Amino acid sequence: MADFRAGEVKEPSTSLSSLQRFPITTLKIDRSFVSEILVTSQGATIVRAIVSMGNELGLRTIAEGVETAEQEIFLKNLGCNAAQGYKYSSPDFAAASATHAVQSSSNR
C-alpha cells in the first residue's frame, strides 16, 4: 500500500504532485497537525482540508498522534477513516498493533 504523509517533510515524495504521479491509496496526517486541531483555527483548517482532499480523491485518511477523545471526535466528524496514537495504545504496543478505525473506536 502506498501512502502519502501530509506534513512529513523528511520525504521528498511528500509534494502534492505525488498525489497524481504515484498510485497512492492512503493519506496520513502528521501528528504535528493533529495536535493543533483543537488549539488553533489554523490547525483545524489544515486538517479539515487534508481530510476533505483525501475523501474527494477516494483515499483512506489516517490521523497520527491522536491522544484525546476530543481529537478523535473532531476527526470522525470530518470523515477521517482511521487514527493512530496514545489514545489507543502505548508506543510499545503500537508497534505490534495498528491503526484504529475512527468510527469504531468511540467506545474506548
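Predicted model, so just to flag it, every value in this text is computed and none were measured. Keep in mind that the numbers below use all heavy atoms, side chains included, and drop hydrogens, waters and symmetry copies.
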Q | Considering all heavy atoms, the nearest Lys87-Thr68 contact | A |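 Nearest heavy atoms, Lys87 then Thr68: CD-O, 3.6 Å.
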
Q.
Quick check: closest heavy atoms across Ile24 and Thr26, and the distance to 0.1 Å?
A.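 Closest approach of Ile24 to Thr26: CG2-O, 3.4 Å.
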
Q: Decide yes or no on side-chain contact (heavy atoms from CB on, under 4.5 Å) for Lys76 and Ile73, but give the supporting numbers first.
A: CA-CA 5 Å; Lys76 179 181 177 181; Ile73 291 166; 5.6 Å; no

**Q.** Trace of the side-chain contact (heavy atoms from CB on, under 4.5 Å) decision for Asp30 with Glu64
**A.** CA-CA 6 Å; Asp30 189 75; Glu64 296 181 324; 4.2 Å; yes

(Q) Measuring from atom SG of Cys80 to atom CD of Gln71, what distance do you get when rounded to the nearest 0.5 angstrom? (A)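 Cys80 SG to Gln71 CD: 11.5 Å, rounded to 0.5 Å.
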
Q. Atom NZ of Lys28 and atom CG of Leu59: how far apart are they, to the nearest 0.5 Å?
A.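 The distance works out to 13.0 Å.
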
Q.
For Leu27, is there any backbone N or O sitting under 3.5 Å from a side-chain donor or acceptor partner on Thr61?
A.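 Side chain of Thr61 to backbone of Leu27, a donor-acceptor pair under 3.5 Å: no, none is there.
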
Which atom pairs, donor and acceptor, lie under 3.5 Å between side-chain atoms of residues 34-54 and protein residues at least two apart or in another chain?
unit_1 : atom_1 : unit_2 : atom_2 : d
Ser35  : OG     : Arg31  : O      : 3.4
Ser35  : OG     : Ser32  : O      : 3.1
Thr40  : OG1    : Gly43  : N      : 2.9
Thr45  : OG1    : Ser41  : O      : 2.8

Q: Could you tell me whether the side chain of Ile29 reaches within less than 4.5 Å of the side chain of Ile62, counting heavy atoms only?
A: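 Result no, sub-4.5 Å side-chain heavy-atom pair not found.
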
(Q) Checking Leu78 against Asn55 for the side-chain contact (heavy atoms from CB on, under 4.5 Å) test, could you report, in this order, the C-alpha distance in whole Å, the side-chain angles of both residues, the deciding distance, and whether it holds? (A) CA-CA 10 Å; Leu78 291 180; Asn55 290 339; over 6 Å; no

